[in-house]
Amino acid sequence: MCGIVGYIGCKPAKPILLDGLLKLEYRGYDSAGISTLEKDGISVIKNKGRVNSLNEIDEINRLEGHIGIAHTRWATHGKPSTKNSHPHLDNSKTFSVVHNGIIENYNDLKKFLISKGYTFLSETDTEVIPNLIHYYYNKLDCKKGEKFLKAVKKACDDLVGSYALEIISIDYPDRIIVTRKDSPLVIGTSTCENYISSDIPAILSYTKKFYLLNNNEYVEIFENKVNFYDKNLKNLKKETKSINWNATSADKDGFDDYMLKEIYEQPKSISETIGSRLKSSDSLVNFDDINFSKKYLSSLQKITIVACGTAMHAGLIGKTLIENLCNIPVEVDIASEFRYRNPIINDKTLAIFITQSGETADTIAALKLAKSKGSKTLAISNVVGSSITREADITIYTHAGPEIAVASTKAYTAQVTLISLLSIYFAEILDSANYELIKELKEDILNLPNKIKKVLDNTEIIKQLANTVYKEKDMFFLGRGLDYSVSLEGSLKLKEISYIHSEAYAAGELKHGSIALIENGITVIAIITNPLLVEKSISNIQEVITRGAKTMIITNQKLDKKNYDYILEIPDINPLLSPILSVIPLQLFAYYITKAKGLDVDKPRNLAKSVTVE
Ligand code: AGP
């Protein structure tokens, strides 16, 4: 998964392109490149390494063109190298292309083009695109003004896979052509200039007015106008959408890292996600975009929740909430497993898909599968206009704002809050839960921002422990019920940014094998927030203490402090909602350990923000 950006307007393109690439580096950062239209033709500056390495190439200083495209790469086909980095030109250097996605049939197309005399410089799938455009460009017999667009369309008709493309040509020094299929692309517009990007935050500091593109739409972008075409090149009318995120939301607001900023944004992202869906503990939960009847909800045989990574962990909390409040059986699946296990679902199944980015390939494909089996599909996403929102029957949004750090934090608590509201919404339609319980849950949800502030004001002990144990190789997380589901998320956070091996266990399961791993001095983090499970949890923790473990307890229950090495108290809350509070110390624990190890918190190795390939 890569990041692409483009500019056409009254200013030199280079600085805007480089700025956009820096904001897209979380999407991939193994190589980068820029291409502008200069008086003497198309210029291409590209290099293996981070975006800033482009500034080490002298030629970049002579770029003055007002039209340009650029790319930061997450290698899929062809290892990170200068020749494999984008942009890619056709053999005649007439067209320059940047691409985000994967062309699955590129080998066949390459063979075809080689048979037509084309040669290839890179190992990438992308390089077939500019040559294919050139091939059709030379074959087309139509008015010059239409030839570029038609050649792009013809080439895309041959492509199988996912793509967001930006294309410039020396023969058309007044426009950029873009199109997309199953890869994200937005167009930002303002007076005498237009911007293109893989996501909104990268160009948010230039405009708040955006055009959102559907799959297989084509766009000709000029300095002062934007022409839209459907998949048959019929003219299309499009309205702009105003995105009221402020540009600073894409910057670090004075925090060292995006992850820490996003952890501290959770009171706000939670209250924005609640928004008008719950006004008071006496009012019913309302979802403008959902209109489920009691008849439909009562007819459901099951609800299936499908997602990946942290989003899947949010789904685990959703299972307990919906089953407890609505008495509807819920299955939770990892999307990449769901797709190939031939799940038993039908029109009596509601399928819920959780995805922050809305671009995760496995989750989108799982949704298409559920749809093909007749299930109604509901997506929970954080990105307006993202791919999954176009596939799902219904989409409800978390309003967590842009999440830049690869490790997901505020999106998780926003997803759990939203699925809590959704469970109450269903329960109120079904009249399936105790009134007092529902009222208490609504009060607790409305108080979440304040409760989270209390957790964030009490983090010293987390820092202390992190700075004590950051050199350790292995750690364990324990919990029962929802505390176990949260410990899975805590363990993932630690693994993905600190590279420390850690496991999360259902506390009661430990003695069935894994307790063999517990030895003197090993760190065990336990979560205890359910009064019904305190005694059981304490005895499980005792089992590891007797084998020499160092323990940190995150709890809102009255425990005997002297029995444990560290105790972090969090505010009281109904156990069904406790994950939203208990996860925050775990996010901070992973963060401070990673800082102590001097690692890149926001861009951990081997990872990307959303995985748009299978
Ligand atoms: C979490 O920190 C990771 N970035 C990763 O597990 C992520 O949750 C997963 O890739 C799903 O992403 P999505 O929510 O954008 O679909």
Side-chain angles (χ1 to χ4, degrees), residues 1 3 26-29 74 182-184 198-201 257-260 262-263 266 269 273 305-318 332-339 352-367 377-389 391-392 395-398 400-416 418-419 485-486 488-499 502 504 583-584 586-591 594 599-614:
M1 185 210 57
Y26 72 90
R27 304 175 65 84
Y29 34 87
W74 173 252
D182 297 340
S183 275
S198 293
D199 73 17
I200 290 168
D257 308 281
Y258 283 116
M259 183 180 178
L260 192 62
E262 288 155 8
I263 290 173
Q266 293 181 99
S269 54
T273 297
I305 300 178
V306 183
C308 302
T310 288
M312 189 277 286
H313 291 156
L316 291 172
I317 315 296
V332 179
D333 265 280
I334 295 167
S336 52
E337 289 297 308
F338 178 85
R339 298 179 60 182
I352 299 177
F353 299 84
I354 308 177
T355 165
Q356 187 283 130
S357 61
E359 303 296 346
T360 301
D362 280 321
T363 308
I364 294 171
L367 183 146
T377 56
L378 186 157
I380 294 179
S381 180
N382 190 47
V383 179
V384 177
S386 56
S387 299
I388 203 155
T389 65
E391 305 289 344
T395 297
I396 53 176
Y397 288 102
T398 52
E403 189 175 67
I404 309 287
V406 168
S408 183
T409 53
K410 62 177 181 175
Y412 171 82
T413 50
Q415 285 157 358
V416 176
L418 191 56
I419 211 160
S485 305
V486 171
L488 286 166
E489 176 55 14
S491 176
L492 175 63
K493 285 283 102 47
L494 185 68
K495 282 185 273 202
E496 69 177 313
I497 59 174
S498 76
Y499 318 147
S502 74
V583 74
I584 295 171
L586 302 176
Q587 297 167 344
L588 287 166
F589 180 62
Y591 174 80
T594 307
L599 298 169
D600 186 332
V601 168
D602 290 337
K603 294 191 194 96
R605 69 186 182 199
N606 304 346
L607 289 178
K609 181 61 185 168
S610 69
V611 184
T612 55
V613 290
E614 224 195 285

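These numbers were taken from a predicted model, which means no experiment stands behind them. Numbering of ligands and ligand atoms starts at 1, following listing order.
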- So, do Asp362 and Phe338 sit near enough that their side-chain heavy atoms are less than 4.5 Å apart? no

- Message: Less than 3.5 Å apart, any donor N or O on the side chain of Thr409 or Lys493 sitting next to an acceptor on the other?
- Response: no

- Message: Can you tell me if Val406 contacts ligand 1 (heavy atom of the residue under 4.0 Å from the ligand)?
- Response: yes

- Among protein heavy atoms, which sits nearest to atom 3 (C) of ligand 1, and what does the distance come to when rounded to 0.1 Å? Glu496 OE1, 3.5 Å

- How long is the span from the CG atom in Leu316 to the CD atom in Glu489, to the nearest 0.5 Å? 10.0 Å

- Message: For atom 15 (O) of ligand 1, what's the nearest protein heavy-atom neighbour? Residue, atom name and distance, please.
- Response: Ser357 OG, 2.6 Å

- Separation of Thr355 OG1 from Ile388 CD1 (nearest 0.5 Å): 5.5 Å

- Item | Polar side chain donor-acceptor pair, Ser491 to Ser502, under 3.5 angstrom | yes

- Quick one: does Glu359 get a heavy atom under 4.0 Å from ligand 1? no

- Test item: Asp600 side-chain N/O and Asp602 main-chain N/O as donor-acceptor pair under 3.5 Å: yes

- Query: What atoms in ligand 1 come closer than 4.0 Å to a heavy atom of Lys493?
  - Reply: 1 (C), 2 (O)

- Query: Polar-atom distance check: Ser610 versus ligand 1, any N or O pair below 3.5 Å?
  - Reply: no

- Atoms in ligand 1 flagged as close to Ala407, the criterion being non-hydrogen separation under 4.0 Å: 2 (O)

- Go through ligand 1 atom by atom and flag the ones less than 4.0 Å from a non-hydrogen atom of Ala311. 8 (O), 14 (O)

- Query: Any luck finding a side-chain donor-acceptor pair between Glu359 and Ser387 under 3.5 Å?
  - Reply: yes

- Query: How many angstroms lie between atom OG1 of Thr377 and atom CD of Glu391, to the nearest 0.5 angstrom?
  - Reply: 9.0 Å

- Which residue holds the protein heavy atom closest to atom 11 (C) of ligand 1, what is that atom called, and what is the gap in Å? Cys308 O, 3.4 Å

- Nearest protein heavy-atom contact for atom 10 (O) of ligand 1: which residue, which atom, what distance? Val611 CG2, 4.2 Å

- Of all protein heavy atoms, the one nearest atom 6 (O) of ligand 1 is Gly309 CA, 3.3 Å

- Query: Does the side chain to side chain contact (heavy atoms under 4.5 Å, CB included) test come out yes or no for Arg27 and Trp74, once each step is laid out?
  - Reply: CA-CA 7 Å; Arg27 304 175 65 84; Trp74 173 252; over 6 Å; no

- Nearest-option assignment for atom 16 (O) of ligand 1, heavy atoms, candidates Thr398, Ile497, Leu607, Thr360: Thr360

- Numbered in order shown, the ligand 1 atoms found under 4.0 Å of a heavy atom of Ser408 are 1 (C), 2 (O)

- Task: Report yes or no: do Gln587 and Gln266 form a side-chain donor-acceptor pair below 3.5 Å?
- Result: yes

- Note on the structure: Here the atoms of ligand 1 under 4.0 Å from any heavy atom belonging to Thr355 are 13 (P), 14 (O), 15 (O), 16 (O)

- Within 4.0 Å of some non-hydrogen atom of Gln356, the atoms of ligand 1 are 13 (P), 14 (O), 15 (O), 16 (O)

- Give yes or no for whether the N/O distance cutoff of 3.5 Å, strictly under, is met between Thr310 and ligand 1. yes

